[in-house]
Engineer: 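Submitted below is the structure of interest, expressed as structure tokens.
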Number of protein chains: 2
Amino acid sequence: MDESAPSLRYAAAKQPQVATAKGERTRELILETALRLFYERGWRKTTMRGIAAEAGVSLGNAYYYFHSKESLIQAIYAQSHEEHMAACQGVLATEISFGARLQGVMKAKLDTLARYHSFAGVLFATAADPRSPLNPWSEASAAVRRQSIALFAEVVAGSDARIPKWLRPELPGLLWTYHMGIILFWVHDRSPDRRASYQLARRTVELINQLVALARVPLLRPLVQSVLALLGEIRAAA
Amino acid sequence: MDESAPSLRYAAAKQPQVATAKGERTRELILETALRLFYERGWRKTTMRGIAAEAGVSLGNAYYYFHSKESLIQAIYAQSHEEHMAACQGVLATEISFGARLQGVMKAKLDTLARYHSFAGVLFATAADPRSPLNPWSEASAAVRRQSIALFAEVVAGSDARIPKWLRPELPGLLWTYHMGIILFWVHDRSPDRRASYQLARRTVELINQLVALARVPLLRPLVQSVLALLGEIRAAA
DNA sequence: AACACGATTTGAACACGTTCAATATCGAGC
DNA sequence: GCTCGATATTGAACGTGTTCAAATCGTGTT
């Protein structure tokens, strides 16, 4: 059973630390070429041999920098994450209201993801495998996840919203989960320019705004308590 | 771009209709062997050659019945679905309360899935790819999905719950989506005997019960309207 | 200049998923 | 019993992801 013994493929997976400037250039050349070919030909029709040939390096060299075809996706994923962080700076610096901040962050996410849509399905598919380093709960993507959750914490912290005290520690993680849900929808979104995803994000952010406000209503106290207890349990289990 | 032109791999994908009893036996032999090997060796370490050898047929013969390694997973998925439908008959015939019915159906789901856990990750991973026939929104799995949603409709219809009129048409689909979410958790669940998943299902079903009751409270009318409008839009987009 | 040594690069080799033309098997109709 | 067509089965071949021992490069040291 390859559950108890994690497959070699996903073990450790330390990429060699690129040590020289030349190496760094080669690495980036391969990554850019891969990105272009994925875009032009799609994931399946792009081969490691094709990437190597197009980049003008040998097959083995590509594997020196990326220990698998999937790890190229992981690198691209990390890159898109950087882009998103950068794209958020504007709204986070200027907007004050919780809703506007969250709207801005979500729109930035969809904007920065746009160019990856044609092969994002693969990203999500490999990410869904519990043993994949791309899976959001894995060790390998922990750094990105932490940064991402911190981003949502910043959305909350920098806003004027009056968040109930008990909700504060949970909210960033919840928003992160929510944003993963939106991405899941986006991956499957076939509407022109992914308009449906933008609309869904806009509407759900409004909804979240209402929910956060409602959380203070006394009538909902028992429900809120249930949800809180549940979150605690999930956290304990994971 | 392999998005506009669906990959050959996932196109049509008509399995040859098995015409003779002998053919049917061979098909089942291969499927059983595959299931056993996936369980014993895991997904990656099980090869099509290994399955064919263990089943005593040729490699090509295995491909005659299952056009890809993934389609074996699809067949196993369909099988587990059958098991779940059967396992639900009891509760659905005897229980009256909405909560108890939903609890029973969810518990049956986790029970019937249990034996597939060691390689369920792959199932979910391939299912997450928008172009995979395993993906719940795809044409290939439409039959299973429809049956599954009908099951949740039956959960509602056979219960004494007083569901608000406007919620009735949406509820089965919502419950189906919810149950997919639980499965997603289950796939990643590493607790002994997947106890965390059982607990999560139990707690969330209670929560859903409360939510359904709350949906009648006048104060929540605007929120409920928003959610409804949103659901309508999502449906229109998909 | 020669050397050492790690970083980088190469290409051949392997195992696997998949395809396919060719062959074998079987049952129905004569 | 024989033939024919559909069904079932075979195994060789292809392209792909991945591994690895060997070759090469670059740089600091003697």
Side-chain angles (χ1 to χ4, degrees), chain A residues 2 7-31 33-34 37-38 41-74 122 125-126 129 132-133, chain B residues 2 7-31 33-34 37-38 41-74 122 125-126 129 132-133:
Chain A
D2 63 5
S7 69
L8 205 67
R9 169 180 214 136
Y10 287 149
K14 279 275 167 51
Q15 298 287 343
Q17 285 309 319
V18 181
T20 72
K22 180 165 169 256
E24 181 57 33
R25 252 178 291 130
T26 307
R27 200 193 110 98
E28 269 167 21
L29 173 63
I30 293 170
L31 189 56
T33 308
L37 292 191
F38 287 152
R41 310 176 182 173
W43 164 261
R44 290 212 150 79
K45 285 191 210 150
T46 301
T47 70
M48 290 298 280
R49 283 169 178 79
I51 294 169
E54 198 77 10
V57 301
S58 72
L59 178 61
N61 203 8
Y63 274 96
Y64 180 73
Y65 291 103
F66 302 93
H67 68 88
S68 71
K69 191 178 173 186
E70 275 177 11
S71 79
L72 277 164
I73 289 281
Q74 186 175 17
V122 186
T126 66
D129 186 334
S132 157
Chain B
D2 62 6
S7 70
L8 206 68
R9 169 181 214 134
Y10 288 149
K14 279 274 168 50
Q15 297 288 342
Q17 283 310 317
V18 180
T20 72
K22 180 163 169 258
E24 182 57 33
R25 252 178 292 128
T26 307
R27 200 193 110 98
E28 269 168 20
L29 172 63
I30 293 170
L31 188 55
T33 308
L37 291 191
F38 287 152
R41 308 177 183 174
W43 164 261
R44 291 212 150 79
K45 285 190 210 151
T46 300
T47 70
M48 289 299 279
R49 284 170 177 78
I51 294 170
E54 197 76 11
V57 302
S58 73
L59 178 60
N61 203 8
Y63 274 96
Y64 181 73
Y65 291 103
F66 302 94
H67 69 88
S68 73
K69 193 178 172 186
E70 276 178 10
S71 80
L72 278 163
I73 289 279
Q74 186 175 18
V122 186
T126 65
D129 185 336
S132 157

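A, B, ... follow the sequence lines: proteins, then strands. Residue 1 opens every chain.
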Engineer: Quick one: B:Arg41 CZ to C:dA15 P, roughly how many Å, whole number?
Structural biologist: 15 Å
Engineer: Choosing from D:dG26, D:dT18, D:dT9, which nucleotide comes nearest the side chain of A:Lys22?
Structural biologist: D:dG26
Engineer: OP1 or OP2 of C:dT8 sitting under 4.0 Å from any side-chain N/O of A:Tyr64?
Structural biologist: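 True: A:Tyr64 side-chain N/O within range (under 4.0 Å) of C:dT8 OP1/OP2.
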Engineer: Just how far, in rounded Å, is P of D:dT9 from CZ of B:Phe66?
Structural biologist: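 Checked: the CZ to P distance equals 12 Å.
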Engineer: Give the nucleotide from the list C:dT9, C:dT8, D:dT9 with an atom nearest to the side chain of A:Thr26.
Structural biologist: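 The answer is C:dT9.
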Engineer: Test A:Leu31 against A:Tyr65 for side chain to side chain contact (heavy atoms under 4.5 Å, CB included), laying out the working first.
Structural biologist: CA-CA 9 Å; A:Leu31 189 56; A:Tyr65 291 103; over 6 Å; no
Engineer: Determine whether A:Ile51 and A:Lys69 satisfy the following criterion, side chain to side chain contact (heavy atoms under 4.5 Å, CB included), listing intermediate values before the conclusion.
Structural biologist: CA-CA 10 Å; A:Ile51 294 169; A:Lys69 191 178 173 186; 5.6 Å; no
Engineer: Between C:dT19, C:dT8, D:dT9, spot the one nearest the side chain of B:Tyr65, thanks.
Structural biologist: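 So the nucleotide nearest the side chain must be D:dT9.
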Engineer: For C:dT8 and A:Thr20 - does any side-chain N or O of the residue sit under 4.0 Å from the phosphate oxygens OP1/OP2?
Structural biologist: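 Checking C:dT8 against A:Thr20, a side-chain N or O does come within under 4.0 Å of OP1 or OP2.
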Engineer: Which comes earlier along DNA chain D counting from the 5' end, the contact point of A:Gly60 or that of A:Thr46, where each point is its nearest nucleotide?
Structural biologist: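 The answer here is A:Thr46.
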Engineer: If you round to the nearest 0.5 Å, how far is OH of A:Tyr63 from CD1 of A:Ile30?
Structural biologist: 11.5 Å
Engineer: Residues two or more places apart in sequence or in another chain: which of them pass salt bridge (charged side-chain N to carboxylate O under 4.0 Å, His left out) with A:Glu54?
Structural biologist: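 A:Arg36, A:Arg41.
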Engineer: Side chain of B:Thr47: nearest nucleotide among D:dT10, C:dG17, D:dG17?
Structural biologist: C:dG17
Engineer: Taking atom P of D:dG17 as reference, at what distance in whole Å does atom CD of A:Glu70 sit?
Structural biologist: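 Between P of D:dG17 and CD of A:Glu70: 11 Å.
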Engineer: Is A:Asn61 near enough to C:dT8 that one of its side-chain N or O atoms lies under 4.0 angstrom from OP1 or OP2?
Structural biologist: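 For C:dT8, OP1/OP2 do not have a side-chain N/O of A:Asn61 under 4.0 Å.
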Engineer: How long is the line joining OH of A:Tyr63 and C1' of C:dA13, in whole Å?
Structural biologist: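 Distance, rounded to whole Å: 14 Å.
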Engineer: Closest heavy-atom contact between B:Arg44 and A:Glu70?
Structural biologist: NH2-OE2, 4.3 Å
Engineer: Taking atom types as they are modelled, is there a donor-acceptor pair under 3.5 Å from the base of D:dG15 to the side chain of A:Arg49?
Structural biologist: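 Answer is no: no donor-acceptor pair is held.
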Engineer: Which nucleotide in the list C:dT18, D:dG17, C:dT9 gets nearest to the side chain of B:Leu59?
Structural biologist: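 Looking only at side-chain atoms, B:Leu59 lies closest to C:dT18.
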Engineer: What is the distance, rounded to the nearest whole Å, between atom CE of B:Met48 and atom C1' of D:dT9?
Structural biologist: 14 Å
Engineer: Can you tell me which nucleotide in C:dT8, C:dT10, C:dT19 comes closest to the side chain of A:Ser58?
Structural biologist: C:dT10
Engineer: Nearest whole Å is fine: how far is C:dT25 P from B:Glu24 CD?
Structural biologist: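 For the pair B:Glu24 CD and C:dT25 P, the rounded distance is 22 Å.
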